[in-house]
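Report on one structure; see the data block that follows.
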Amino acid sequence: MSNDDKDPVNEWAFLGRGVLRTFVRDIIVIAGSVFISAVIGFSMAYILGFSSQFGIKFGALVGAFIGLSARSHMSRLFDYDHPPRDRNPDA
C-alpha cells in the first residue's frame, strides 16, 4: 500500500493546528509588547512634555513592530507538531 492513500483530513487538521498555534502566540507577543511600550511611551511623553495620547500611540506602534520583529526572528514562522526527538518514528 502506498502513502498516497492517506486521509487528507488529518493533514488539514495538522496544518490548522500549526497556523492557530502560531496566530495565538503572535497575538500574545503583540499584546504584551504593545502594553509595555504604551506605558513607556506615556511616561516618556510626560517627561518630554508631549501629549499623552501621542506617547501612547507612538509607543503602541513601536511595541507592535518590535514584538512582531522579535517573534519572526526568534522562532520559525509556523510551529507545527513535531514527534519527540527521543523516539524513532519508524518503530
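Of all non-hydrogen atoms in Gly67 and Ser33, the two that sit nearest each other are CA-OG, 3.6 Å.
Hydrophobic cluster membership for Leu61: none, as no Ile, Leu, Val, Met, Phe, Trp or Tyr side chain comes under 4.5 Å of it. By the 4.5 Å side-chain criterion applied to Ile, Leu, Val, Met, Phe, Trp and Tyr, Val29 is assigned to no cluster and stands alone.
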Solution key, residues 41-57 side-chain donor-acceptor pairs under 3.5 Å, sequence neighbours excluded:
{"unit_1": "Ser43", "atom_1": "OG", "unit_2": "Val39", "atom_2": "O", "d": "3.3"}
{"unit_1": "Ser43", "atom_1": "OG", "unit_2": "Ile40", "atom_2": "O", "d": "2.8"}
{"unit_1": "Ser51", "atom_1": "OG", "unit_2": "Phe54", "atom_2": "N", "d": "3.3"}

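Residues passing the side chain to side chain contact (heavy atoms under 4.5 Å, CB included) test with Val34, sequence neighbours excluded: Ile30, Ala60, Ala64.
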